[in-house]
Number of protein chains: 2
Amino acid sequence: MELKQAQEKFISTWGAFGTQWGINRTMAQIHALLLISEEALSAEDIMKKLNVSRGNVNMNVRDLLSWGIVHKVLKFGERKEFFAAEKDIYKTAIQIMKERRKRELGPVLELLEGLKLAEINEQGGDHFNKVVGEIHTFGESTNKMLDKMIKADEHWFTGSLMKFFVKK
Amino acid sequence: MELKQAQEKFISTWGAFGTQWGINRTMAQIHALLLISEEALSAEDIMKKLNVSRGNVNMNVRDLLSWGIVHKVLKFGERKEFFAAEKDIYKTAIQIMKERRKRELGPVLELLEGLKLAEINEQGGDHFNKVVGEIHTFGESTNKMLDKMIKADEHWFTGSLMKFFVKK
DNA sequence: CTAAACTTTCAATAACTTTTGAAAGTTTAA
DNA sequence: TTAAACTTTCAAAAGTTATTGAAAGTTTAG
C-alpha cells in the first residue's frame, strides 16, 4: 500500500469511528490528520486536505484545543496560526479522561448527591434510595480511580497499572 | 422532595446525559426507569410512563437487550413480556465495557493492524508507521486491561483494583 | 492610519438521527 | 382453525446536529 492511501484510510476510518462515539466526523478526521502530520498545519491546509469549509475547520479546531489534545503552533515570520496534535498517545488518553471526567462524571455525581440529600421517606422510597446510593458509590470509586491515573506521571499507565493487570 | 419528583428528575437527567454520550435520550430514559422500578415493566408500562410510542420502546428495549444490561422477564399467567434492568451497577458497568470493547476497540485494532502490515517504506513513511505503531501498542494494552477486568469476578472492581489505586 | 491578511461568527441549509403510528407479522388459547 | 393479544417493522415526519460561506471582526505590517 502507498503512504498516501494508508494515510487516507487512517483519516477516513478514524472519522467513521468518531461518529460511533459522540465525536463528529470532521473533528475526528482533523485529529487523525494532525496526528500523522509531521508539521503543524494551518486552517487552510486542513481545509484543502479534508475538503471542508473554513468555518467547519475553525469550529472543530477550537473544540480540539478545548479538549487540550491539539495545540497552536506559531511559526516565526508567519502570520497565520498552525495546529499540531499532541503526539504522545498516553498524554492524549489521559487528557481525554480528564476532560470526560469533568464534563460527564462531574454532573452525574452532582445529580446523585442532590437526590441522596433529598432523603425520600415515602412508601417505595427504599428501593430508589438504594439504587441512587449504589450508583453514587460506584461513581465516586471511578472518580477516585481516574484521579490517581490523572495525577500520576506519563509512564505510569503502561508501567504500574499494566504490571498490576498482567501479574494477576 | 417527593419520591415521584425525584424519580422524574433521575429519569430525565439520565436521558439528558445519555445524549451527551452516543446514547439516545429514550434509550437512556428507559434504562433509568427500569433501574428504579422494583417490578419488571411491559412495553405498555414504559410507553405510558415516558410518553413515547410503541415502536420507539420496542426499538430501544431491543437495543438495551443487545447490550446485555436489560433482561426479559416472563410472568406466569401473563402473555406479555416484561423487562428489568440488571440492578448490580458493577455488573452493568462490566457489561458495558465488554460491549464497547467488542464494538469499538476491536475494529480500531483491526484497522491499525492492517496499516502496520502494509509496511510503508516510502519517503515520509517513518513518522506514519511510528504513530500507527504507538496507537496500536496503546490499544493492545487497553485491550489486555479490559480483558482482566472483564474476566475477574464482580467484586474485583471495588476490591483489588480500588485498593491498588487507594494505597498508592 | 490603512489595507491586507487572516480568524471568527452566524444564519441558512444540508445531512443525519429519532420518533411515530399504522400495518404486517407472530403466537397462543380455545 | 380462528380471533384475540401481543410484537415487530418501516416509511414518513419531526427533531437534531453539522456544514457552508459570506459577512463581520481582528491583527499586523508598512
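Numbers restart at 1 for each chain; the letters A, B, ... are given by sequence-line order, proteins then strands.
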A.B. asks: Within the structure, does a side-chain N or O atom of B:Asn24 lie under 4.0 Å from either OP1 or OP2 of C:dT19?
C.D. replies: yes
A.B. asks: I want to check one thing: is the phosphate of D:dT19, taken as OP1 and OP2, less than 4.0 Å away from some side-chain N or O of A:Thr26?
C.D. replies: yes
A.B. asks: Nearest-Å distance, NZ (A:Lys72) to P (C:dC6)?
C.D. replies: 15 Å
A.B. asks: In whole Å, I'd like the distance from the CG atom of B:Asn51 to the P atom of D:dG15.
C.D. replies: 14 Å
A.B. asks: Within this structure, what is the CD-to-C1' distance between A:Glu44 and C:dA4, rounded to whole angstrom?
C.D. replies: 15 Å
A.B. asks: Is A:Lys130 paired with B:Glu38 through a side-chain N to carboxylate O contact shorter than 4.0 Å?
C.D. replies: no
A.B. asks: Does A:Arg54 come within less than 4.0 Å of A:Glu44, counting only side-chain N to carboxylate O?
C.D. replies: yes
A.B. asks: Specify the separation, in whole Å, of atom CZ of A:Arg25 and atom C1' of C:dT17.
C.D. replies: 14 Å
A.B. asks: Round to a whole Å and report the spacing from CD of B:Glu78 to P of C:dT28.
C.D. replies: 14 Å
A.B. asks: To the side chain of A:Arg79, which of D:dA18, C:dA4, C:dT18 is closest?
C.D. replies: C:dA4
A.B. asks: B:Asn60 has an atom CG; how far is it from atom P of C:dT20, in whole Å?
C.D. replies: 10 Å
A.B. asks: Could you measure the distance from the NZ atom of A:Lys116 to the CG atom of A:Asn129? Nearest 0.5 Å is fine.
C.D. replies: 9.5 Å
A.B. asks: Let me know the distance between CD1 of B:Ile23 and P of D:dT16, rounded to the nearest Å.
C.D. replies: 18 Å
A.B. asks: With the threshold set at 4.0 Å, does a side-chain nitrogen-carboxylate oxygen contact exist between A:Asp147 and A:Lys151?
C.D. replies: yes
A.B. asks: Given C:dT20, C:dA5, D:dT20, identify the nucleotide with an atom nearest to the side chain of A:Asn56.
C.D. replies: D:dT20
A.B. asks: For C:dT19, take OP1 and OP2 only and decide whether either is under 4.0 Å from a side-chain N or O of B:Asn58.
C.D. replies: no
A.B. asks: For B:Arg100 and B:Leu105: C-alpha separation, side-chain torsions, deciding distance, then whether side-chain contact (heavy atoms from CB on, under 4.5 Å) applies.
C.D. replies: CA-CA 7 Å; B:Arg100 293 197 87 114; B:Leu105 188 53; over 6 Å; no
A.B. asks: So for A:Arg54 and D:dT20, does any side-chain atom that can act as donor or acceptor lie under 3.5 Å from a complementary atom in the base?
C.D. replies: no
A.B. asks: Under 4.0 angstrom, heavy atoms only, what part of the nucleic acid is B:Thr19 near: base, sugar-phosphate, or nothing?
C.D. replies: nothing
A.B. asks: Which nucleotide, C:dT7, D:dT16, D:dT19, lies nearest any side-chain atom of A:Lys80?
C.D. replies: C:dT7
A.B. asks: For A:Met59 and D:dA22, what is the distance between atoms CE and P respectively, to the nearest whole Å?
C.D. replies: 19 Å
A.B. asks: Does a side-chain N or O of B:Arg62 approach OP1 or OP2 of D:dT7 to a distance below 4.0 Å, or not?
C.D. replies: no
A.B. asks: Contact class for A:Glu81 (heavy atom, under 4.0 Å): base, sugar-phosphate, or nothing?
C.D. replies: sugar-phosphate
A.B. asks: State which of D:dT20, D:dT19, C:dT20 makes the closest approach to the side chain of A:Val52.
C.D. replies: D:dT20
